[in-house]
Amino acid sequence: MTTGKVTGVTANLITVEVDGPVSQNEIAYILMGEERLMSEVIRVTGNTASVQCFESTRGVRSGLPVEFAGGMLEVELGPGLLSKNYDGLQNDLDKKEGLFLKRGEYTSPLDEEIQYEFTPLAASGDTVIAGHWLGEVKENWVNHKIMAPFTLKGEWKLESIADKNHYTIRDTIAVITDADGERRELTMTQRWPVKVPIKVYREKPRPFRLMYTGYRIMDTFNPLAEGGTGFIPGPFGSGKTVVQHTVSKNASADIIIIAACGERANEVVEIFAEFPELEDPRTGRKLFERTTIICNTSNMPVAAREASVYTAMTIGEYYRQMGLSVLLLADSTSRWAQALREMSNRLEELPGPDAFPMDLSAIIANFYSRAGVVYLNNGETGAVTFLGTVSPAGGNLKEPVTESTKKAAQCFYALSQKRADSKRYPAIDPQESYSKYLESPEIRSFLTERSGENWVADVLSLKNRMLRGKEAQDQISILGDDGVPVDYHVDFWKSEVIDAALIQQDAFDPIDRFASVDRQEYGLKVVKEICDRDFSFGSFEEVAPYFKKLINSLKQMNFCEFDSGQFKEFESELQTTLNEGEVA
Amino acid sequence: MQSRAFQKIHTKVDKITKATITLKATDVGNEEMAWVDERLAQVVKINGNEVTLQIFVGTEGISTDAQVVFLGKPPTLKVSDDLAGRFFNAYGRPIDGGPEVEGEEREIGGPSVNPVRRKQPNQLIATGIAGIDLNNTLVTGQKIPFFADSDQPYNEVMAKVALKAKADKIILGGMGLSNDDYLYFKALFENAGALDKIISFINTTENPPVERLLVPDLALTAAEYFAVDKNEKVLVLLTDMTLYADALAIVSNKMDQIPSKDSMPGSLYSDLAKVYEKAVQFPAGGSITIIAVTTLSGGDITHAIPDNTGYITEGQLFLRTDTDIGKVIIDPFRSLSRLKQQVIGKKTREDHGPVMNAAVRLYADAAEAKTKRDNGFDLSEYDVRTINFARQYSESLLAIDVDLDIDAMLDVTWRLLESHFSLDEVGIKKAVSDKYWQGGE
Ligand SMILES: Nc1ncnc2c1ncn2[C@@H]1O[C@H](COP(=O)(O)OP(=O)(O)OP(=O)(O)O)[C@@H](O)[C@H]1O
Ligand SMILES: [Mg+2]
């Protein structure tokens with residue numbers, strides 16, 4: 001084991017003189033009396049290693065002994081990850097003692113005492129490769145596959161496998177041997193370095209299904225693909241976190257992983273409080289049963305914040321290997337980028353734009369590329385869908401993190417300050433936002449199959465109407481209400497109907513916050529019919545009151561259970577208004 | 001912070017900059033405090049046996065043979081109930097002529113609360129100001145700043161909120177406070193008969209700016225004592241955090257760090273978050289609520305200081321002078337309390353959420369109508385109604401001199417809506433309007 005001695009400290013950057021080999025990203029521990037401060041090597045020059053410390057460096061001094069761990073930052077993967085609250089380094093926060101986080105206290109991520117009921121899926125004599133499903137256990141309601149280590153090279157033979165019975169994660173459940181007679185005992189867990197993607201699959205095709213979120217502006221207008229990527233930039237207070245939280249409750253995913261990366265502790269506490277109570281709309285099980293939270297809030301050490309997104313991604317990839325659909329949410333990836341910036345500045349690297357590291361774009365692109373839908377070696381399909389938020393400095397989207405992310409992600413959900421100010425939530429800008437999946441042939445054929453021949457064309461036509469409405473509004477504000485033809489008012493108000501009925505959605509209303517696919521199909525149909533109608537008004541002054549009435553009925557419908565009695569009442573009210581319009 | 005008798009005295013300084021000195025010393029820890037002649041200093045960098053110290057009052061007149069004594073510990077504060085009613089400087093030394101406070105010595109700027117040990121904040125703080133209680137309801141354990149230009153009466157509004165808030169302790173962290181403002185707070189607390197529950201840590205404009213850096217940590221260490229050890233509801237007032245951030249910038253520039261936006265250190269977000277995230281609700285009942293002031297220059301909230309603050313705090317209260325009514329209001333557009341949904345409609349009446357949103361939406365329509373008017377266009381009849389509504393709404397609810405209880409605020413809003421709009425135009429969920437709407441169709 002390589003050891004060393006501290007030779008310098010600036011904030012959380014520590015220099016260490018080493019007495020043996022060290023590798024980039026190797027984990028080191030600064031020994032400060034009883035406390036072991038975990039750190040990561042980020043630069044080596046001669047026999048000096050620069051390490052970023054994952055803890056407060058208060059009191060660290062020259063001469064302190066350092067131990068190098070020999071490996072990179074790893075997570076432990078196995079049953080028991082779900083329903084856990086981890087910090088960025090996968091310490092189980094619930095196992096930590098006391099009100100305050102104690103420096104140097106590391107807790108085990110999984111539970112060693114639990115007896116899991118193991119059912120074998122492979123038989124002795126089987127050929128085993130990395131990621132092979134050896135068996136499964138029930139983790140909450142999820143069939144958690146026990147897999148051969150992802151690090152396995154080549155083909156191995158399954159010598160023996162445990163019978164259907166109860167075992168702990170430390171018990172041996174399988175023995176494998178390779179051609180040279182090397183023998184390995186396997187347990188239900190394995191370790192994996194977080195910065196390395198898990199690539200134990202046959203193929204990564206283009207996404208071909210949707211990840212439904214329950215938000216119409218996303219699913220209908222700018223759909224996110226299962227295995228796809230998207231991001232939500234927006235100034236502070238514009239609704240990034242609310243969108244992510246709502247999506248985490250409603251999304252059509254098997255597993256949700258939430259990385260609270262350098263944001264507020266109270267927002268995570270909200271999830272802690274709500275998720276054990278709330279139901280997953282698809283399974284009826286409690287939400288926390290399908291959720292893992294990685295929580296490295298803004299006041300927790302900066303270096304661990306950088307690690308937290310990788311920890312979350314690795315856990316996501318692990319569940320993908322089980323043939324599950326994982327949705328990974330990270331709030332906010334800007335805080336991760338800022339952590340990179342702080343370190344890069346301390347290392348006195350040549351700064352790029354806004355003092356971010358020069359390779360920021362590459363780092364972001366690399367991370368987003370870990371998402372994706374995959375065909376596993378056994379033919380099953382798994383996916384990691386990634387949706388991140390970006391917090392642009394000054395709300396200005398022309399800044400390095402937003403621009404780099406835009407290159408890496410396929411969906412862009414831009415939150416607009418103006419919409420947030422006028423409480424048009426979610427404040428996703430209908431003009432600026434886009435999903436490249438709407439153009440993808442695979443997704444188009446999925447949509448045709450699910451929602452009908454005309455679906456994409458209808459969506460595009462309403463998007464077009466939104467643009468027309470915007471143009472009409474601009475003209476009206478330049479030329480005045482009576483300086484434009486009445487049609488301009490009608491165009492504008494049609495876009496207001498789309499906005500009010502399909503784009504706005506109150507995340508805090510128990511009904512409105514989630515729109516099922518059926519409901520979205522119905523909504524699009526109704527609104528499209530209104531938009532395709534010809535109305536004739538005597539003067540511009542008649543236009544607004546008429547459309548406001550339509551909007552009011554549509555909004556009331558949004559607040560009612562779909563197809564309920566009350567819903568139908570407002571539907572017929574809407575119809576009446578429409579019939580009156582015909583006469584007018 | 002007394003020096004220990006057996007401590008080694010260093011007398012050879014190798015390097016002096018405007019804010020720091022560097023000397024050779026061994027067995028010195030990061031962030032350790034030291035005396036340099038009569039001045040307090042803190043270790044900010046260690047390179048082999050070279051130690052760099054930041055001297056809070058500055059290095060003017062420091063000579064290469066200055067006496068340097070390391071204290072063997074980071075900055076600390078002695079905490080006990082005797083803190084109550086006292087005024088201290090930025091080092092935690094009494095400035096009110098009273099004795100030193102005895103008590104347990106605690107490191108300031110200590111560790112964070114484990115997120116899983118927090119409780120979700122859910123207790124409403126009523127202030128009587130409708131711009132706050134109605135539109136941006138505050139909750140214990142919240143952290144929220146006033147965003148205000150320097151000519152706005154932010155300290156007055158903050159003090160009013162503090163006295164109304166029914167806190168067990170109010171801790172004032174003054175940074176770059178003018179002497180007048182300091183005396184204002186002192187007199188106000190005295191007159192309110194509240195002095196025994198107030199603790200103040202004060203750095204005025206007469207003190208060196210870098211000293212301010214210790215103020216929030218001192219205030220919050222005292223707050224943690226009362227909130228954790230005594231289960232009290234503590235309200236911490238920090239004014240002005242812009243001047244705190246300026247001090248951070250001074251230090252980081254002196255340390256040759258690469259500045260990021262607006263000459264602020266790249267770590268500004270983390271530095272501010274460390275302060276604000278001390279706001280917490282504990283399950284045992286104690287809480288720390290932080291109300292701060294961030295002064296703006298020319299209303300610019302895209303500047304790095306308000307921008308980073310907004311990304312950290314749970315909303316902001318934006319003060320603006322409404323020229324229509326000639327009063328300072330809490331601007332409903334840029335203001336926000338993110339914890340309001342924890343109490344709105346749960347601790348307050350069911351109509352609170354819908355009626356609040358409807359009024360703000362119509363107020364936004366008024367803003368558009370005003371733009372139209374300013375561009376010289378004719379106003380529609382609806383435009384005129386929204387403008388009339390906006391004036392009355394501003395006058396009877398948004399102005400900071402309003403003092404009502406929350407039910408009254410809701411009733412006032414309904415009556416205003418009824419007198420200017422039809423039910424369709426208001427667009428409120430029928431179940432709610434059925435119950436509260438007294439106007440016509
Ligand atoms: N869909 C929505 N429905 C109703 N209210 C919303 C919605 N989205 C946002 N809001 C309101 O806006 C506030 C701010 O939203 P949120 O916390 O998500 O902002 P944010 O973009 O994450 O900000 P920050 O960058 O500072 O974290 C919420 O507390 C809520 O009051
Ligand atoms: Mg947020």
Side-chain angles (χ1 to χ4, degrees), chain A residues 7-10 56-63 85 93-94 96 98-103 236-237 262 264-266 268-270 272-273 295 297-300 302 335 338 341-342 345 351 354-355 391 393-396 421-423 477 480-482 508 541 544-545 548-549 551-552 555-556 559, chain B residues 26-32 45-49 74 110-121 141 228 257-261 266-267 269-270 273-274 277 282 302 304 307 310-312 314-315 333-334 336 338-339 341 353 357 360-361 364 372 375 377-378 380 382 424-425 427 429-430:
Chain A
T7 56
V9 192
T10 331
S56 152
T57 56
R58 181 175 272 185
V60 172
R61 59 197 62 213
S62 281
N85 306 315
L93 288 169
D94 289 283
K96 293 198 170 206
L99 275 184
F100 293 90
L101 293 168
K102 231 175 86 214
R103 177 164 77 163
F236 63 80
R264 306 171 184 85
N266 274 341
V268 193
V269 174
E270 198 175 311
F272 295 159
C295 163
T297 56
S298 57
N299 55 342
M300 287 158 83
V302 171
R335 306 301 163 219
Q338 285 178 336
R341 173 167 74 183
E342 283 185 36
N345 290 177
D354 287 0
S391 317
N396 175 6
D421 285 348
S422 51
K423 314 268 178 239
S477 65
D481 283 331
D482 46 9
F508 302 110
E541 271 150 334
K548 278 187 189 166
K549 237 168 127 182
I551 287 174
N552 189 42
K555 285 210 114 152
Q556 301 293 351
F559 291 129
Chain B
T26 51
D27 205 29
V28 171
N30 192 27
E31 297 183 20
E32 186 172 330
K45 184 173 180 165
I46 299 170
N47 186 5
N49 62 357
S112 318
V113 175
N114 184 342
V116 301
R117 303 280 175 261
R118 287 170 176 260
K119 189 175 173 241
Q120 190 173 24
V228 175
Q257 282 173 24
I258 308 158
S260 66
K261 197 167 169 274
S267 58
Y269 176 83
S270 304
K274 241 172 245 142
E277 278 291 326
F282 290 109
T302 63
D307 186 51
Y311 277 120
I312 293 162
E314 284 146 346
F333 296 150
R334 306 320 303 275
L336 176 68
R338 290 143 190 268
L339 298 185
Q341 48 259 22
N357 285 329
V360 173
R361 222 178 312 113
K372 216 159 132 185
N375 292 341
F377 292 120
D378 292 344
S380 70
Y382 176 75
D424 275 351
E425 287 168 333
K429 221 157 115 164
K430 188 159 180 304

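So you know, we letter chains A, B, ... as the sequences are listed, proteins then strands, and number each from 1.
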Practice item. Select one option (side chain, backbone, both, neither) describing which atoms of B:Gln341 are under 4.5 Å from chain A's heavy atoms. Key: side chain

Review point. Crowded around A:Lys423 NZ? As in, over 12 foreign heavy atoms under 6.0 Å?
Key: yes

Review point. Under a 4.5 Å heavy-atom cut-off, does chain B meet the side chain of A:Lys555, its backbone, both or neither?
Key: neither

Point to revise | Under 4.5 Å from a heavy atom of chain A, the part of B:Leu336 involved | key: side chain

**Study point:** B:Ser270 versus A:Glu342, closest heavy-atom pair with distance
**Key:** OG-OE2, 2.9 Å

Check your understanding: Is any side-chain heavy atom of B:Arg334 less than 4.5 Å from a side-chain heavy atom of A:Asp421?
Key -> yes

Review point. Taking A:Ile551, A:Asp482, A:Asn85, A:Asn266 one by one, which has the highest count of heavy-atom pairs under 4.5 Å against chain B?
Key: A:Asn266

Check your understanding: Which answer fits B:Ala273, side chain, backbone, both or neither, if we ask what part of it has an atom under 4.5 Å from a heavy atom of chain A?
Key -> both

Practice item. Identify which part of B:Lys261 has an atom lying under 4.5 Å from any heavy atom of chain A, answering side chain, backbone, both or neither. Key: side chain

Check your understanding: Which of the residues B:Asp378, B:Thr302, B:Val116, B:Asn375 is involved in the greatest number of heavy-atom pairs with chain A at under 4.5 angstrom?
Key -> B:Val116

Exercise for review: Please say whether the positively charged group of B:Arg118, taken as NZ for Lys or CZ for Arg, lies over the ring of A:Phe272, i.e. under 6.0 angstrom from the six-membered ring centre and within 45 degrees of the axis.
Suggested key: no

Point to revise | Greatest number of heavy atom pairs closer than 4.5 Å to chain A - which of B:Pro259, B:Pro121, B:Gly427 | key: B:Pro121

Review point. Chain B heavy atoms under 4.5 Å from A:Asn299: which part of the residue, side chain, backbone, both or neither?
Key: both

**Study point:** Considering all heavy atoms, the nearest B:Ile46-B:Val28 contact
**Key:** CD1-O, 3.3 Å

Review point. Is it the backbone or the side chain of B:Tyr269 that comes under 4.5 Å from a heavy atom of chain A, or both, or neither?
Key: side chain

Review point. Given a strict heavy-atom distance threshold of 4.5 Å, which part of A:Ser477 is in contact with chain B: side chain, backbone, both, or neither?
Key: backbone

Exercise for review: Please look at B:Leu339 and chain A and tell me whether the side chain, the backbone, both or neither of the residue comes under 4.5 angstrom of a heavy atom of that chain.
Suggested key: side chain

Point to revise | Side-chain (B:Glu277) to main-chain (A:Ser298) donor-acceptor, under 3.5 angstrom | key: no

Point to revise | A:Asp94, part contacting chain B, at a heavy-atom distance under 4.5 Å | key: both

Revision key, fill the gap. Counting heavy-atom pairs under 4.5 angstrom with chain B, the leader among A:Cys295, A:Ser62, A:Gly395, A:Gly63 is A:Ser62

Review point. Has A:Lys96 got more than 12 heavy atoms of other residues, nucleotides or ligands less than 6.0 Å from its NZ?
Key: yes

Point to revise | Any donor-acceptor pair under 3.5 Å from A:Glu541 side chain to B:Ser380 backbone | key: no

**Study point:** Check: A:Arg341 main-chain N/O paired with A:Asn345 side-chain donor or acceptor under 3.5 Å
**Key:** yes

Review point. For A:Glu270, is it the side chain, the backbone, both or neither that has a heavy atom under 4.5 Å from a heavy atom of chain B?
Key: both

Study note, to complete from the structure: Comparing A:Thr10, A:Asn396, A:Thr297, A:Leu101 against chain B, the one with the most heavy-atom pairs below 4.5 Å turns out to be A:Leu101

Exercise for review: Select one option (side chain, backbone, both, neither) describing which atoms of A:Asp481 are under 4.5 Å from chain B's heavy atoms.
Suggested key: side chain

Study note, to complete from the structure: If one checks every heavy atom of A:Arg103 against chain B at 4.5 Å, the contacting part turns out to be neither

**Study point:** Contact leader toward chain A among B:Asn49, B:Asn114, B:Asp27, where contacts are heavy-atom pairs under 4.5 Å
**Key:** B:Asn114

Practice item. Can you see which heavy atom on B:Lys119 is nearest to which on B:Phe282, and at what distance? Key: CB-C, 4.1 Å

Review point. For the candidates B:Gly353, B:Pro111, B:Gly310, B:Gly110, which exhibits the highest count of non-hydrogen atom pairs separated by less than 4.5 Å from chain A?
Key: B:Gly310

Revision key, fill the gap. Most contact-rich option vs chain A, by heavy-atom pairs under 4.5 angstrom, among B:Lys430, B:Glu425, B:Arg338, is B:Arg338

Review point. Taking A:Ser391, A:Ala273, A:Pro545, A:Gly8 one by one, which has the highest count of heavy-atom pairs under 4.5 Å against chain B?
Key: A:Ser391

Exercise for review: Name the region of B:Val113, side chain, backbone, both or neither, that has any atom closer than 4.5 Å to a heavy atom of chain A.
Suggested key: both

Point to revise | Contact origin within A:Arg264 toward chain B - heavy atom pairs under 4.5 Å | key: both

**Study point:** Selection from B:Ser112, B:Pro115, B:Gly266 maximising heavy-atom pairs under 4.5 Å formed with chain A
**Key:** B:Ser112

**Study point:** Residue A:Val268 versus chain B: region with a heavy atom under 4.5 Å
**Key:** neither

Practice item. Just give me the residue among A:Leu93, A:Thr7, A:Val269 that pairs up with chain B most often, heavy atom to heavy atom, under 4.5 Å. Key: A:Leu93

**Study point:** Which atoms of B:Lys372 approach chain A - backbone, side chain, both or neither, heavy atom under 4.5 Å
**Key:** side chain

